[in-house]
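Just below is one structure, and these are the notes that go with it.
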Amino acid sequence: MTEPNAEHVETVVVGSGFGGSVAAYRLAAAGQQVVLLERGRAYPPGGFARSPAELGRAFWDPRAGLHGLFDVWSFRAFDSVVASGLGGGSLIYASVLLRKDERWFVDEQPLPGGGYEAWPVGRAELDPHYDEVERMLRPVPYPLDRPGYTDTPRARAMGEAGERLGVTAERPPLAISFAPEPGADPEPGLPMADTDHGNLHGVGRRTCRLCGECNLGCNDGAKNSLDHTYLSAAQRHGAELRTGHEVRAVRALTRGGYAVDYVRHGNHGPNGEEGGERGGPDGRGDGGRASGPPRSPGPSPTSRTLRTISCDRLVLAAGTYNTVSLLLRSRRNLPGLSPALGSRFSTNGDHLAFVLRARRGVEPRPMRPSRGPVITSSIRLPDELDGVPGAGRGGYIQDAGYPGFVEWLVEGAHAPQGVSRAARFLAGRLLDRISRAPDPSLSGAFAELLGDGAFTGTSLPLLAMGRDVPDGELRMRGGRLDSTWTVRGGSAAQFERTRTLMRQIAGALGGGYADHPLWHRDRVLTVHPLGGAPIGRHPGTGVCDPYGEVFGHPGLYVADGAAMPGPVGPNPALTIAALSDRMCTRLLEHRPATPRAIARRTYPRRTSLQFTEELCGRYAPGADSSRAEPFAFRLTVTADDVDAFLDEPDHEARADGWIDSASFGGRRPVLHGSLRLFADGHGTMRYRLHFTDADGRPRTFAGRKDLAAGAPARLWTDTTRLAFRVLNGHVHEPGESDADILGTGTANLGATDLARLLTTFRTTGPHGTAALTRFGRFFAGELWNTYALRRS
């Protein structure tokens, strides 16, 4: 049953991974009332399971009384591991923060099975947000050249393999603290200084001890995971972090805003206590100070009472599987969701393989996979988008360390050698028994029994990821989430390329090669599930707009891996966080004063139109035209409903893209843009683009093309020359006359640019040809009215 008189807050964030944590911090720091709901518990340093008994209960399955960290999913063609805890995937990821390659932000790249992969955002638009996330998470490369870190054989082995194969093994940025504070010398195991945003756990942290346990949860607090960074900062700004709160359904309210139904799990806190309704991560309101691994006295009860909280704005960031299944289950209560829901699923090209018994000539090559963080090195696989003909879809291959105790398991499972050593040991003890002069020293015998660890010491897991084909679908089947994605679909060629390079790396290191065991059953292992609620330029291709707001549902956002319209290529954490940061910037600049009622439209009945325009020109800061400098912009203009666009008198379409000007810090993303064509019957085209400069100061690009009535000779000049001003602040048209002018300029559309523009027109939805024809007649008709009829 649902509680009456539900609590109401301004913003609810569901989930505390890379999307949810960034959103909670950004919105709380802006003064919004934020409640974050996380189903899992908080994990302070020292709180992650390590013993067999602890690890045996460190899984998420409330039906079995399990409320642990690891949530394992199994589909028909792949298996997957995600996290459940305060900090989401950052608790178990390998801390790699790589930006998505600029050329890999594809725009309508054909997919093998039909359709297109399209990213409605580019690298230039995301770079300022990448910068912001990196400032918080403070990634640094592995300090291989510093004392205490030089003895990391696998990092050097990856570099040697790269040299032999003609590729570069780089040390990627890692969100790990190797030094006690920024600027200090790195040294393992040192106490870390507190940060300005506090520590929600209240437990001290230490620098990385190189134990290879990143994927099990860092018991030293050396990982700059989200609980130590964004979530601590969010709580410091007043956000309420509620653990043990699992969301079951969401629904739109007729008056505007959303209701969120959830259950509370008992005995879920860091020390087995029941989670609280309010306060810190463990519900006690004191930041959740706790230590030691979670105790599990038995199956934990789950509260069956369905509780409700309502909000003006709702951010879904529960992870790809949970966000998509939540939307699918709530479809009846969110009328008009895009038919793209569930589409564009991919595994981000994840693959696991092994280098076995590496050698340098006739000598074993040491790897010591348990020494260091999980990942130290990364080799980039080229893509045809990089200008390499026939290269196919690119990716990354990285080394993969693991904890020391795994070496014992692997050596013990390496049966033939272990059995023969045990047989020799027992035979020797038997001979000693019957011998008249037994050797009293067993040290050598025990040493032989345990072995030299040559197998694990010279072997190394390899992780791959890349641009697989986002042709999978997530859907409900029998009340459970199901997926159609298979490795033998459009992604087969990409996986074969990846495996070929991994095999070559193994060969370059003098070792054998082996895929993970399930590969031979055509199964993939993925920790990076993406898609299902993708961003897009219109509801025909996306569930959300380019800023993560769900089409037709104002104030409802998707901010996690589900929003990806395709694979990221490298490790996706940084891109998910940057898109969430971009979403929040847009949300805060354009939030309504009151919640808006939802638009009850059926999207398949309307047709959208879009085109891309790129202009170059000159901009003069201030009033001195002699200081003019290059200026350019690229816009994708979208009319979500062509009929409405043509019928409404202001003929306003959305404009997304970037401007490029040295005065404002290079390429700057358009935060909110519009183009009005012949508004109210006037012969003008008006551009209004809101952006920020490199220092975060708001700016407005206000441009217009004025058509000279009755002057046919000026048709070309008037339609291809744009005069513009840059204004201080984010200025709307009614206040433009009083705004401070920072500079003026002109931009032009050349003949080749116009030809390119004409090839970018696209329609989505029914009757696309008719819609494009109607738009063309409208545009030509307005030109005729301006230049021909008015002349007469």
Side-chain angles (χ1 to χ4, degrees), residues 7-43 83-91 129 132-133 135-137 195-201 224-247 250 258 260 262 275-283 285 287-288 309 311-319 322-323 326 547-549 555-563 573-574 576-588 591:
E7 176 187 12
H8 182 85
V9 297
E10 190 173 7
T11 300
V12 168
V13 178
V14 180
S16 61
F18 284 95
S21 293
V22 171
Y25 162 68
R26 286 291 312 276
L27 302 182
Q32 286 202 25
Q33 181 190 17
V34 176
V35 169
L36 181 145
L37 305 180
E38 165 57 51
R39 64 177 183 168
R41 62 167 72 107
Y43 289 89
S84 177
L86 190 66
S90 75
L91 299 177
H129 305 285
E132 290 299 320
V133 176
R135 271 192 280 271
M136 178 67 83
L137 299 182
T195 60
D196 293 338
H197 45 254
N199 181 340
L200 63 82
H201 296 299
N224 299 331
S225 50
L226 297 168
D227 51 336
H228 295 303
T229 53
Y230 274 104
L231 290 170
S232 287
Q235 182 172 270
R236 189 179 184 89
H237 284 284
E240 294 186 28
L241 312 179
R242 304 181 184 178
T243 55
H245 289 56
E246 183 176 12
V247 174
V250 300
Y258 299 88
V260 180
Y262 64 92
E277 181 73 17
R278 297 177 181 274
D282 64 354
I309 182 172
C311 56
D312 299 336
R313 279 166 291 281
L314 174 60
V315 178
L316 299 180
N322 292 307
T323 289
L326 186 60
Y547 294 90
E549 188 169 23
L556 176 61
Y557 297 84
V558 175
D560 57 18
L574 181 60
I576 293 171
L579 281 168
S580 181
D581 188 78
R582 177 175 178 265
M583 175 198 79
C584 292
T585 298
R586 172 67 170 263
L587 185 159
L588 292 169
R591 56 179 171 174

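We're numbering straight along the sequence, starting at 1. Keep in mind that the numbers below use all heavy atoms, side chains included, and drop hydrogens, waters and symmetry copies.
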Inset, instruction - Evaluate the side-chain contact (heavy atoms from CB on, under 4.5 Å) criterion for residues Asn322 and Arg39: first the C-alpha distance (whole Å), next the side-chain angles of each, then the deciding distance (0.1 Å), finally the verdict. - result: CA-CA 11 Å; Asn322 292 307; Arg39 64 177 183 168; 3.7 Å; yes
Legend entry - Check against side-chain contact (heavy atoms from CB on, under 4.5 Å), Val9 and Cys311: CA-CA 5 Å; Val9 297; Cys311 56; 4.2 Å; yes
Inset, instruction - Assess whether side-chain contact (heavy atoms from CB on, under 4.5 Å) is satisfied between His8 and Asp312, documenting all intermediate values. - result: CA-CA 8 Å; His8 182 85; Asp312 299 336; 3.0 Å; yes
Inset, instruction - Start with the C-alpha distance between His129 and Val22, add both sets of side-chain angles, then the distance that settles side-chain contact (heavy atoms from CB on, under 4.5 Å), and finish with yes or no. - result: CA-CA 11 Å; His129 305 285; Val22 171; over 6 Å; no
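In this structure, the side chains of Leu241 and Glu38 stay at 4.5 Å or more apart for every pair of heavy atoms.
Between the CG atom of Asn199 and the CG atom of Leu231 there is a distance of 11.5 Å, given to the nearest 0.5 Å. Rounding to the nearest 0.5 angstrom, the gap separating the NE2 atom in His197 from the OH atom in Tyr25 is 9.0 Å. The CD atom of Glu132 sits 7.0 Å away from the CZ atom of Arg26 when rounded to the nearest 0.5 Å. Note that CG of Leu36 is 6.5 Å distant from OG of Ser21, once rounded to the nearest 0.5 Å. With values rounded to the nearest 0.5 angstrom, Leu588 atom CG is found 9.0 Å from Met583 atom CE. To the nearest 0.5 angstrom, Leu137 atom CG is 6.5 Å from Leu226 atom CG.
The closest donor-acceptor contact from the side chain of Gln33 to the backbone of Glu10 lies under 3.5 Å. Side-chain atoms of Glu549 come within 3.5 Å of backbone N or O of Gly555 as a donor-acceptor pair. Ser16 contributes a side-chain N or O that, together with a main-chain N or O of Gly85, makes up a donor-acceptor pair within less than 3.5 Å. At least one donor-acceptor pair closer than 3.5 Å links the side chain of Ser580 to the backbone N or O of Gly19.
For Asp560, the side-chain hydrogen bond (donor to acceptor under 3.5 Å, both in side chains) test picks out Thr323, with sequence neighbours left out.
Aromatic ring centroids of His228 and His201 lie under 6.0 Å apart.
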